[in-house]
*Asks:* 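Just dropping this structure here.
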Amino acid sequence: MINENAFIVFEGIDGSGKSTQIKMLAAALSEQGMSVEVTAEPSNGDIGKLLRSYLKKEKVTDNRAIAPLFAADRIDHITAKGGILDLLNRKNTVLCDRYYLSSYAYQAIDCDMDWVIELNREAQRLAKPDLHIFLDLPCEISMERVKNRGETELFEQLDRQKKIRENFFILFEKLKDEENIFIVDATKSPEEIAQEIRNKVLCTE
Ligand code: ADP
Ligand code: TYD
């Protein structure tokens, strides 16, 4: 069984099934009597809202300016009242939709990856996840799923998604001694994926 205040992050390319799996894990942990809180990045704070306007292409800036904004939003999300540290300190298990691995993979399309990692050092020091769960899906499938959502966001193009997925795999090798990353085949059914995640999180295998 995991700690009562574990910090678990879900990662993957756009449309890989993160929201679906977070809901399923939250329900499973709640059923075990655990206190679970779900959160996401970009956050709901001021910097997160600004980021959403860039993602929706309502505002435009250079992608190199976006990298420090994501890092700033993360520190805000960690330290704000009701933020990640507050939730963990109140003995909640926190499930977060995206965290710094997203920055490393997405912002490294246009920025040096090591620079992005450095920008996020303080976030890593303040709140390092106990587990990152990466939902792995071929980009062609995820793009089909995303298309059904309507408006395409800043990074939702096949060539970008392919580069981002490659970046995630570069990171898994680069961070293998530093971060606890569990890769799941996200082509399976939602229930099969949820079962694998439950087995990992509740250590039943
Ligand atoms: P994300 O949060 O990563 O963007 P979602 O959970 O919103 O992904 O899923 C994107 C779309 O794919 C949704 O329409 C969802 O119903 C569907 N979906 C999620 N998981 C699966 C799965 N395992 N198989 C098929 N479709 C899925
Ligand atoms: P999200 O709403 O999770 O998108 P989706 O449901 O499609 O997976 O995330 C919004 C977008 O922001 C997504 O394209 C990934 C991007 N992003 C970054 O580029 N860097 C980051 O650090 C984070 C947290 C998200």
Side-chain angles (χ1 to χ4, degrees), residues 9-27 38-45 47-59 61-78 84 95-111 113 115-124 127 129 132-165 167-168 171 184-197:
V9 168
F10 282 71
E11 292 283 2
I13 53 174
D14 293 65
S16 52
K18 297 180 303 304
S19 320
T20 306
Q21 290 303 323
I22 286 181
K23 273 192 218 122
M24 292 173 87
L25 183 63
V38 173
T39 185
E41 293 192 353
S43 78
N44 288 325
I47 307 166
K49 286 187 187 123
L50 175 63
L51 279 163
R52 294 235 174 251
S53 63
Y54 290 122
L55 292 167
K56 287 195 212 126
K57 296 182 273 194
E58 294 161 356
K59 287 181 194 274
T61 188
D62 191 288
N63 280 337
R64 288 165 296 185
I66 286 183
L69 282 179
F70 271 114
D73 179 47
R74 190 156 293 125
I75 301 226
D76 190 33
H77 188 203
I78 294 168
I84 294 171
L95 307 183
C96 185
D97 191 337
R98 298 192 181 280
Y99 199 53
Y100 51 65
L101 295 189
S102 277
S103 276
Y104 303 173
Y106 280 73
Q107 276 56 69
I109 304 180
D110 299 294
C111 306
M113 189 184 273
W115 178 63
V116 183
I117 292 175
E118 280 314 310
L119 286 175
N120 284 279
R121 243 347 135 200
E122 187 62 6
Q124 189 200 35
H132 306 261
I133 297 171
F134 179 75
L135 299 176
D136 186 33
L137 196 64
C139 302
E140 287 78 5
I141 302 179
S142 64
M143 287 302 290
E144 272 307 307
R145 292 185 188 174
V146 166
K147 245 198 288 182
N148 302 328
R149 291 205 286 225
E151 288 296 296
T152 50
E153 290 199 336
L154 189 63
F155 297 109
E156 291 177 350
Q157 289 149 16
L158 186 59
D159 55 341
R160 285 192 170 190
Q161 293 290 309
K162 283 190 167 165
K163 182 73 192 122
I164 292 160
R165 184 164 177 260
N167 284 345
F168 272 116
L171 286 164
V184 185
D185 175 1
T187 62
K188 296 181 181 174
S189 71
E191 187 42 54
E192 282 174 301
I193 299 167
Q195 183 64 54
E196 267 187 54
I197 293 173

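Quick caveat: nothing in here was measured; it's all calculated off a predicted structure. Both counts, for ligands and for their atoms, begin at 1 and track the order of listing.
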*Asks:* Would you call I78 and E122 a side-chain contact if the rule is heavy atoms closer than 4.5 Å?
*Replies:*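 No; the side chains remain at least 4.5 Å from each other.
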*Asks:* Considering only protein heavy atoms, which is closest to atom 4 (O) of ligand 2, and at what distance to one decimal place?
*Replies:*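 Ranked first by proximity to atom 4 (O) of ligand 2 is D14 OD2, 3.8 Å.
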*Asks:* Atom CG of D62 and atom CG of D110: how far apart are they, to the nearest 0.5 Å?
*Replies:*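 Here the rounded value is 7.5 Å.
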*Asks:* Exactly which residues line ligand 1, taking a heavy atom under 4.0 Å from it as the test?
*Replies:*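 Ligand 1 pocket, heavy atoms under 4.0 Å: G15, S16, G17, K18, S19, T20, R145, R149, K188, S189, P190, I193.
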*Asks:* Kindly indicate whether the side chain of V116, heavy atoms from C-beta on, has any atom under 4.5 Å from the side chain of M113.
*Replies:*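 V116 does not reach M113 side chain to side chain.
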*Asks:* With a 4.5 Å limit on heavy-atom distance, are the side chains of E153 and K56 in contact?
*Replies:*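 Yes, their side chains come closer than 4.5 Å.
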*Asks:* Compute the shortest N/O to N/O distance between Y99 and ligand 2 and return yes if it is under 3.5 Å, no if not.
*Replies:*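 It does not: no N or O of Y99 is found under 3.5 Å from an N or O of ligand 2.
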*Asks:* So which protein heavy atom does atom 22 (O) of ligand 2 come closest to, and at what separation?
*Replies:*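 Nearest protein contact, heavy atoms only, for atom 22 (O) of ligand 2 is S103 OG, 2.6 Å.
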*Asks:* Using a 4.0 Å cut-off to any heavy atom of L55, which atoms of ligand 2 qualify?
*Replies:*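 That gives atoms 10 (C), 11 (C), 12 (O) of ligand 2.
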*Asks:* Could I get the full list of ring-ring contact (aromatic ring centres under 6.0 Å, His included) partners for H132, not counting sequence neighbours?
*Replies:*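 Result, ring-ring contact (aromatic ring centres under 6.0 Å, His included) vs H132: Y100.
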*Asks:* Can you list the atoms of ligand 2 that are under 4.0 Å from a heavy atom of F155?
*Replies:*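 Numbered from 1, ligand 2 contributes 14 (O), 19 (O).
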*Asks:* Under a 4.0 Å threshold between the charged nitrogen and the carboxylate oxygen, would E41 count as salt-bridged to R74?
*Replies:*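 Salt bridge flag = yes for E41 with R74.
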*Asks:* Give me the residue, atom name and distance of the protein heavy atom closest to atom 2 (O) of ligand 2.
*Replies:*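 The closest one turns out to be R52 NH1, 3.4 Å.
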*Asks:* For the OG1 atom of T152 and the CZ atom of R160, what is their distance to the nearest 0.5 Å?
*Replies:*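 Rounded to the nearest 0.5 Å, the OG1-CZ separation comes to 10.5 Å.
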*Asks:* Are I109 and N63 close enough that some pair of their side-chain heavy atoms sits under 4.5 Å apart?
*Replies:*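 Not touching, per the 4.5 Å side-chain cut-off.
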*Asks:* Under the rule for ring-ring contact (aromatic ring centres under 6.0 Å, His included), what residues qualify as partners of F134, not counting sequence neighbours?
*Replies:*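 Applying ring-ring contact (aromatic ring centres under 6.0 Å, His included) to F134 gives F168, F169, F172.
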*Asks:* Among all protein heavy atoms, pick the one closest to atom 20 (N) of ligand 2 and tell me residue, atom and distance.
*Replies:*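 Looking only at protein heavy atoms, the one closest to atom 20 (N) of ligand 2 is Q107 OE1, 2.8 Å.
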*Asks:* Which is closest to atom 3 (O) of ligand 2 in terms of heavy atoms, R98, E11, E41?
*Replies:*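 Closest candidate by heavy-atom distance is R98.
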*Asks:* Short list, please: which atoms of ligand 2 are under 4.0 Å from a heavy atom of R74?
*Replies:*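 Listed by number with element: 21 (C), 22 (O), 24 (C).
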*Asks:* Just go through F70, Y106, Y54 and tell me whose heavy atom is the nearest to atom 25 (C) of ligand 2.
*Replies:*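 Residue with the shortest heavy-atom distance to the ligand atom: F70.
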*Asks:* Is the shortest side-chain heavy-atom distance between I197 and L135 below 4.5 Å?
*Replies:*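 Sidechains of L135 and I197: in contact.
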*Asks:* Heavy-atom contacts under 4.0 Å between K56 and ligand 2: side chain, backbone, both, or neither?
*Replies:*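 Neither part.
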*Asks:* Show me which atoms of ligand 2 lie under 4.0 Å from any heavy atom of E156.
*Replies:*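 Answer, ordered by atom number: 7 (O).
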*Asks:* To which of R145, E153, R149 does the heavy atom nearest atom 7 (O) of ligand 2 belong?
*Replies:*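 Checking each option, the heavy atom nearest atom 7 (O) of ligand 2 is found in R149.
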*Asks:* Can you establish whether the number of heavy atoms outside E58 located under 6.0 Å from its atom CD is more than 12?
*Replies:*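 Yes, CD of E58 has more than 12 neighbouring heavy atoms, counting only those of other groups under 6.0 Å.
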*Asks:* For F10, enumerate each residue passing the ring-ring contact (aromatic ring centres under 6.0 Å, His included) test, keeping only those at least two apart in sequence or located in another chain.
*Replies:*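 Scan of F10 (ring-ring contact (aromatic ring centres under 6.0 Å, His included), adjacent residues dropped) gives none.
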